[in-house]
Participant: 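One structure follows; several queries about it will come next.
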Amino acid sequence: IQRLNIYLEGFAISLKPTNKDDISIKYTNPNDGDINILNDNGIITIKGVNTYNHLNNLPVEIFVPIKFSPEVIIESEHSAVSVEDLTLDSLTCNTTNAAISIEDVHCAANVTLTTLDALINVESVYADNISINSDIGIVNFDSLLFNQLNITNGTGAINGELESRSLYT
């Protein structure tokens, strides 16, 4: 697998570790066929729209191997994103009107988190480059280890403390 793309609208997305070697998905959906999984030459794409009740985020759990080397890209609208306890090559989360929560994530390259009008919580994240941007919302962070860090917020608060530590020391 080269990359995992997740494009979901109206779901509560949780990316979690598994001891298995394969990717699996667990969700309860009253409308069968709302989530499609495609494999195009090593690029896995998970797409779906919650047509049942757009404002009621149906939970979707996506399980990947604990040490998952491909790049992970999550794009969502009205879909909260949670990523926990994983080692990845890189992670990109881009949401609109949906919170992002990242905890205990180690990335060899980049962590890029962007949301419009929502909360971003980041705790115990280690990456070469960390970029966090919330246009209208609050950014909370704790225990970041990085070489480069960029945190921006249009009209909301940024809460957290930084220690001067290098990723490679």
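No experiment lies behind these values; they were computed from the predicted model shown.
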Participant: Assess whether side chain to side chain contact (heavy atoms under 4.5 Å, CB included) is satisfied between Thr92 and Val72, documenting all intermediate values.
Facilitator: CA-CA 6 Å; Thr92 300; Val72 175; over 6 Å; no
Participant: Given side chain to side chain contact (heavy atoms under 4.5 Å, CB included), test Asn129 with Gln148 step by step and report yes or no.
Facilitator: CA-CA 5 Å; Asn129 298 302; Gln148 293 182 347; 2.7 Å; yes
Participant: Looking at every heavy atom in both Glu71 and Ser90, which two are closest together, and how far apart are they?
Facilitator: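 Answer, listing the atom of Glu71 first, then Ser90: CG-OG, 3.2 Å.
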Participant: Hydrophobic cluster membership, with links at side-chain heavy-atom distances under 4.5 Å among I/L/V/M/F/W/Y: are Ile46 and Tyr27 in one?
Facilitator: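 Hydrophobic grouping puts Ile46 with Tyr27.
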Participant: If you take all heavy atoms of Ala98 and Ala80, which pair is closest and at what distance?
Facilitator: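 In terms of heavy atoms, the two residues are closest at CB-N, 3.6 Å.
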Participant: Do Thr115 and Thr95 have side-chain atoms, one donor and one acceptor, less than 3.5 Å apart?
Facilitator: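 A pair is found: one side chain offers a donor N or O, the other an acceptor, under 3.5 Å apart.
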Participant: For Thr45 and Tyr7, what are the C-alpha separation, side-chain angles and deciding distance, and is it a side chain to side chain contact (heavy atoms under 4.5 Å, CB included)?
Facilitator: CA-CA 8 Å; Thr45 301; Tyr7 305 103; 3.9 Å; yes
Participant: Val81 and side chain to side chain contact (heavy atoms under 4.5 Å, CB included): which partner among Leu8, Ile74, Leu15, Asn94?
Facilitator: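 Of the listed residues Leu8, Ile74, Leu15, Asn94, the side chain to side chain contact (heavy atoms under 4.5 Å, CB included) partner of Val81 is Ile74.
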Participant: Do Leu91 and Cys93 come close enough that some side-chain heavy atom pair is under 4.5 Å?
Facilitator: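 Yes - at least one pair of side-chain heavy atoms lies under 4.5 Å apart.
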Participant: As an exercise, state the distance from CD of Glu123 to CG of Asp104, rounded to the nearest 0.5 Å.
Facilitator: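 Taking CD in Glu123 and CG in Asp104, the distance rounds to 7.0 Å.
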Participant: How long is the gap from CG on Asn110 to CG on Leu88, to the nearest 0.5 Å?
Facilitator: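 Going from the CG atom of Asn110 to the CG atom of Leu88 covers 12.0 Å.
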Participant: Does the Asp135 side chain pair with the main chain of Asn153, one donor and one acceptor, at a distance under 3.5 Å?
Facilitator: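 Side chain of Asp135 to backbone of Asn153: no pair is present.
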Participant: Can you tell if the side chain of Ile44 reaches within under 4.5 Å of the side chain of Asn5, non-hydrogen atoms only?
Facilitator: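 Result no, sub-4.5 Å side-chain heavy-atom pair not found.
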Participant: So how far is it from Leu38 CG to Lys47 NZ, rounded to the nearest 0.5 Å?
Facilitator: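 One finds 7.5 Å between CG of Leu38 and NZ of Lys47.
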Participant: With a 6.0 Å cut-off (strictly less than), is the heavy-atom count around CG of Asn19, excluding the residue itself, greater than 12?
Facilitator: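 Counting other residues, nucleotides and ligands, CG of Asn19 stays at 12 neighbours or fewer.
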Participant: Where do Val111 and Phe146 land on the side chain to side chain contact (heavy atoms under 4.5 Å, CB included) test, with the steps shown first?
Facilitator: CA-CA 10 Å; Val111 171; Phe146 56 87; over 6 Å; no
Participant: Sequence neighbours excluded, which residues qualify as side chain to side chain contact (heavy atoms under 4.5 Å, CB included) partners of Lys67?
Facilitator: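 So Lys67 forms a side chain to side chain contact (heavy atoms under 4.5 Å, CB included) with Thr87.
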Participant: At their closest point, which heavy atom of Ser134 faces which heavy atom of Ala118, and how far apart are they?
Facilitator: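 Minimum heavy-atom separation between Ser134 and Ala118: OG-O, 3.1 Å.
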Participant: For the side chain of Thr155 and the backbone of Ile136, is there at least one donor-acceptor N/O pair under 3.5 Å apart?
Facilitator: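 Absent.
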Participant: If you define the side chain from C-beta out and look only at heavy atoms, does anything of Thr18 sit under 4.5 Å from Ile66?
Facilitator: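 Answer no - side chains too far apart.
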Participant: What I'd like to find out is whether the side chain of Ser14 reaches to under 4.5 Å of the side chain of Val60, using heavy atoms alone.
Facilitator: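 They are not in side-chain contact.
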Participant: Answer yes if Val83 and Ile1 sit in the same cluster of Ile, Leu, Val, Met, Phe, Trp and Tyr residues linked by side chain heavy atoms under 4.5 Å apart, and no otherwise.
Facilitator: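 Yes, same cluster.
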Participant: Output yes when a side-chain donor or acceptor of Ser143 lies under 3.5 Å from a complementary backbone atom of Ser124, and no otherwise.
Facilitator: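 Checking the backbone N and O of Ser124 against the side chain of Ser143, no donor-acceptor pair under 3.5 Å is found.
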Participant: Rounded at 0.5 Å granularity, tell me how far CD in Gln2 sits from CG in Asp89.
Facilitator: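 These two atoms lie 12.0 Å from each other.
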Participant: How long is the gap from CG on Asn147 to CG on Asp128, to the nearest 0.5 Å?
Facilitator: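 One finds 4.5 Å between CG of Asn147 and CG of Asp128.
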Participant: Please tell me whether Val122 and Ile73 are part of a single hydrophobic cluster in this structure, the criterion being side-chain heavy atoms less than 4.5 Å apart.
Facilitator: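 Different hydrophobic clusters.
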Participant: Is any side-chain heavy atom of Val105 closer than 4.5 Å to one of Tyr126?
Facilitator: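 The answer is no, as the side chains (C-beta and beyond) never meet within the 4.5 Å cut-off.
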Participant: Answer whether the closest heavy-atom distance between the side chains of Asn121 and Ile100 falls below 4.5 Å.
Facilitator: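 Sidechains of Ile100 and Asn121: no contact.
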Participant: What's the separation between atom CZ in Arg3 and atom CG in Asn41, rounded to the nearest 0.5 Å?
Facilitator: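 Between Arg3 CZ and Asn41 CG, I get 11.5 Å after rounding to 0.5 Å.
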Participant: Heavy atoms, side chains only, cut-off 4.5 Å: are Ile120 and Ile138 in contact?
Facilitator: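 No; the side chains remain at least 4.5 Å from each other.
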Participant: Would you call Leu144 and Leu149 a side-chain contact if the rule is heavy atoms closer than 4.5 Å?
Facilitator: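 When only atoms from C-beta onward are counted, Leu149 and Leu144 do touch, with a gap below 4.5 Å.
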Participant: Tell me whether Ile35 shares a hydrophobic cluster with Phe63, the cluster being built from Ile, Leu, Val, Met, Phe, Trp, Tyr side chains joined at under 4.5 Å.
Facilitator: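 No, because Ile35 and Phe63 fall into different hydrophobic clusters, even though each may have its own neighbours under 4.5 Å.
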Participant: Answer with yes or no whether the hydrophobic clustering places Ile158 together with Leu119; edges join I, L, V, M, F, W, Y residues whose side-chain heavy atoms lie under 4.5 Å apart.
Facilitator: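 Different clusters: Ile158 never reaches Leu119 through Ile, Leu, Val, Met, Phe, Trp or Tyr contacts under 4.5 Å.
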Participant: Given side chain to side chain donor-acceptor pair (under 3.5 Å), test Asn133 with Thr114 step by step and report yes or no.
Facilitator: CA-CA 5 Å; Asn133 180 12; Thr114 305; 5.0 Å; no
